[in-house]
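Note sheet for the following structure.
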Amino acid sequence: MDYVIKLSDKIDDYEEHVEVLRLSDRFDGKSESLDKLVKIENRLIQDLYKMTLSDLIRILSESSAGGENISTPILPQNCIKHVWVNRAAKQHEVYIELPKRRWDITYHSQAFEKVGFPRMIFKYSVSNTKVTLSNIVAVQGKGY
């Protein structure tokens with residue numbers, strides 16, 4: 001479904017109304033009574049909406065920001081959650097848990113043995129084949 005939004009290039013007030021037209025699929029022109037209806041690029045105007053510009057901006061931002069999130073059921077050990085943020089753009093998030101543990105680490109070329117770390121949750125954002133560490137959160141206690 002396609003939409004046509006009629007806006008002025010001189011916006012004085014975001015509470016002014018704008019027109020949004022929803023177009024049907026291609027119109028074949030076979031029915032004589034339909035020929036008298038308004039057409040755009042050989043398609044019929046199916047619906048006409050009037051709304052304020054601020055409402056239109058809110059609706060567009062809500063539809064593009066989150067979209068439909070799809071969560072998975074049970075995941076492998078230490079993988080807490082997987083969420084599709086935008087399937088069409090192949091964007092998703094993965095949450096990994098690291099239990100409380102002692103690690104041998106190197107900090108500024110200095111080696112430290114058995115340093116205690118709390119239980120942590122790592123959030124990774126995945127877009128196509130690019131993986132980015134988004135957040136690290138320390139969790140007190142078991143958290144169950």
Just by distance, do the side chain of Asn78 and the backbone of Ile96 share a donor-acceptor pair under 3.5 Å?
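Flag not set: sc Asn78 to bb Ile96 has no pair under 3.5 Å.
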Side chains of Gln91 and Ser127 in contact at under 4.5 Å (non-hydrogen atoms):
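In short, these two side chains touch, coming nearer than 4.5 Å.
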Any side-chain heavy-atom pair of Lys130 and Thr132 under 4.5 Å:
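Result yes, sub-4.5 Å side-chain heavy-atom pair found.
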Taking atom [atom1] of [X] and atom [atom2] of [Y], what is their separation to the nearest 0.5 Å?
X	Y	atom1	atom2	value
Asn128	His92	CG	NE2	8.5 Å
Glu93	Lys81	CD	NZ	8.5 Å
Lys114	Asp104	NZ	CG	7.0 Å
Met120	Asn135	CE	CG	13.5 Å

Taking side chain to side chain donor-acceptor pair (under 3.5 Å) as the test, write out the residues that go with Ser134, two or more places apart.
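So Ser134 forms a side chain to side chain donor-acceptor pair (under 3.5 Å) with Ser125.
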List the steps and the verdict of side chain to side chain contact (heavy atoms under 4.5 Å, CB included) for Val94 and Phe122.
CA-CA 8 Å; Val94 178; Phe122 293 75; over 6 Å; no
Do Tyr95 and Glu97 get their side chains close enough for a donor-acceptor pair, meaning under 3.5 Å?
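Per modelled atom types, Tyr95 and Glu97 side chains form no pair under 3.5 Å.
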Please report the closest heavy-atom contact between Gly116 and Arg102, naming both atoms and the distance.
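The pair with the smallest heavy-atom distance is N-NH1, 3.6 Å.
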In this structure, are over 12 heavy atoms from other groups packed under 6.0 Å from Phe112 atom CZ?
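Yes - once you tally the heavy atoms of other residues, nucleotides and ligands closer than 6.0 Å, there are more than 12.
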State yes or no: do [X] and [Y] share one hydrophobic cluster built from I, L, V, M, F, W and Y residues joined by side-chain heavy-atom distances below 4.5 Å, directly or via other members?
X	Y	value
Ile136	Ile121	no
Ile80	Val139	yes
Leu133	Trp103	yes

